[in-house]
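The block underneath contains the structure these notes are about, expressed in structure tokens.
A note on names: the letters A, B, ... follow the listed sequences, proteins ahead of strands, and every chain is numbered from 1.
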Protein chains: 2
Amino acid sequence: MAEAKGPVWARNDREPRRRTLSRESIVYAAIALADRDGLDAVSIRSVASWLDVRPMSLYGHVSSKDDLLDLMFDQIAGQNVLGDQLPQHWRTALEAIARRTRDQGLAHPWTIELMTDRIQLGPNTLRVLDEWMRAVAPLSVSTEAAWTIVTAVNDYTVGYVIRVVAQRRAVPSDARAAGEWTATVNSYLTERADSGDHPHIAPLLRHGFATQPDSFEAGLSWILDSIEQSHAGPTSAGAAGR
Amino acid sequence: MAEAKGPVWARNDREPRRRTLSRESIVYAAIALADRDGLDAVSIRSVASWLDVRPMSLYGHVSSKDDLLDLMFDQIAGQNVLGDQLPQHWRTALEAIARRTRDQGLAHPWTIELMTDRIQLGPNTLRVLDEWMRAVAPLSVSTEAAWTIVTAVNDYTVGYVIRVVAQRRAVPSDARAAGEWTATVNSYLTERADSGDHPHIAPLLRHGFATQPDSFEAGLSWILDSIEQSHAGPTSAGAAGR
DNA sequence: TGGCTTACTGATACACCGTATCTATTAACG
DNA sequence: CGTTAATAGATACGGTGTATCAGTAAGCCA
């Protein structure tokens, strides 16, 4: 499977006869590793040794590491489909998808690293995209307008996840190192606050950014409020298009 | 300089006597490489050979590659400070910073990869943060409320940049490979569209997502509209707090 | 001017990475 | 049963960050 042509999801790989290994088990193992130790811990060698298999055996099921990463992403995306549980009201539906996207990003932080690498268009990802568009369908606006709404909400959500994840990642996971890090950074931040160079963020520097309450919902409802105002009556479910 | 304690910006490295090399020149070289060939092209060895210097010589000025990356990020962030040119009206100011952030993200796509790695708090980054807060100061709301506004706008902007960058990155830079990629992906997408599995995105799949008009401003003004409604009179500059 | 401090050279080494290649084995299907 | 194809297993190449150590050369201070 060394002659890959285009992205995984755009190919039509004949499935191998398989004995013990399978594409699925490889993807699951890789996801488990990524969830536990981060994306850097996912290597062909580490996945293979986790499966008690020789590294090169994986290449019978995935043609490259990039393929494996794409498959991992799409696997997670598949868990983000609400299906029947998608609320009918467009606003409630958008909220549900946005929250789910947020939850999944926080649960699998490595997915956002893959989002920055290249656009993902696997079947499950398309399913999620379809659901975004289904959510706004009741507004009965043009495809273009619907896409603008969807990208706005999605972009905000992704940006939020990135910020929170980056915040978490900065502090070392080892408890001892974490304490040291916090001490070093705090003293740096208070030094910066005392310097007077940053008058408008002095309180933030002194109390730490992390202590700020979560404001995901605030930003989300700001976006949705405006959409509601421009595309529908304040209480309507959206039948009044145009 | 092999005994790093905490992030670069939180340390107080005595500056070396330097003959030919300098921390600055290393950072500039690394940025040039990243801009041209992406973040993966930045390695200790590649930067060194670009500067016509032996790899290990760099460690006299930066104590690790991560440090170098952080310094690169903060260097770019420094170019994002508007200073005197920051508009006085809070909304215009936020728009200016958001657009600048977007432009810089698109110009140096590798910066967003660093954002996902760990939170950046270098001096220039703090300066930018200070400017965000300065922009909303005329609203004279609580620090907490101001932070909510800033993060909302910033999160949206970062999410937007990520999506656009990922879209650009997916297609290979080599013209020949790009054509092949587009053909493969397009036929995959139309196959998906024909499958009927994704009824709500069929038009998007058929015409390609890339043909959708840019909607950064739309999402931005949605957020700002709501902020305006909840925190100030529609035309006021914001003196009427609360 | 002499000598000490420091910056850089240069080589080597370690442990990792993705993956190409080749051979030998082993199981499943026709 | 024999063929076919999947897997095992080993080895190799060129890349990575970075530790280590010995040698050299330039700057600063006494």
If I take atom NZ in residue A:Lys65 and atom C1' in nucleotide C:dA20, what distance separates them, rounded to the nearest angstrom?
17 Å

Contact summary for B:Asp130 and A:Pro199, nearest pair of heavy atoms:
OD1-N, 3.3 Å

How many whole angstroms separate atom CE of B:Met56 from atom P of D:dT20?
10 Å

Give the rounded distance in Å between these two atoms: NE2 of B:His61 and P of D:dT18.
16 Å

Flag for B:His198-B:Arg192: side-chain donor and acceptor within less than 3.5 Å
yes

At less than 3.5 Å, do the side-chain atoms of B:Arg45 and the base atoms of D:dG15 form a donor-acceptor pair?
no

How about A:Ser46 and A:Ser49: does a side-chain donor come under 3.5 Å of a side-chain acceptor?
no

Between P on D:dT16 and CG on B:Asp66, what's the gap in Å once rounded to a whole number?
16 Å

Between P of C:dT21 and CZ of A:Arg54, the distance in whole Å
22 Å

Between C:dT19 (P) and A:Leu58 (CG): distance, integer Å
11 Å

Ring centres of B:Tyr156 and A:Tyr160 under 6.0 Å apart?
no

Atom CG of A:Leu51 and atom C1' of D:dA8: how far apart are they, to the nearest Å?
15 Å

Return whichever of A:Asp40 or B:Ser57 has its heavy-atom-nearest nucleotide of DNA chain C closer to the 5' end.
B:Ser57

Tell me the interatomic distance from A:Ile44, atom CD1, to C:dT19, atom C1', rounded to whole angstroms.
8 Å

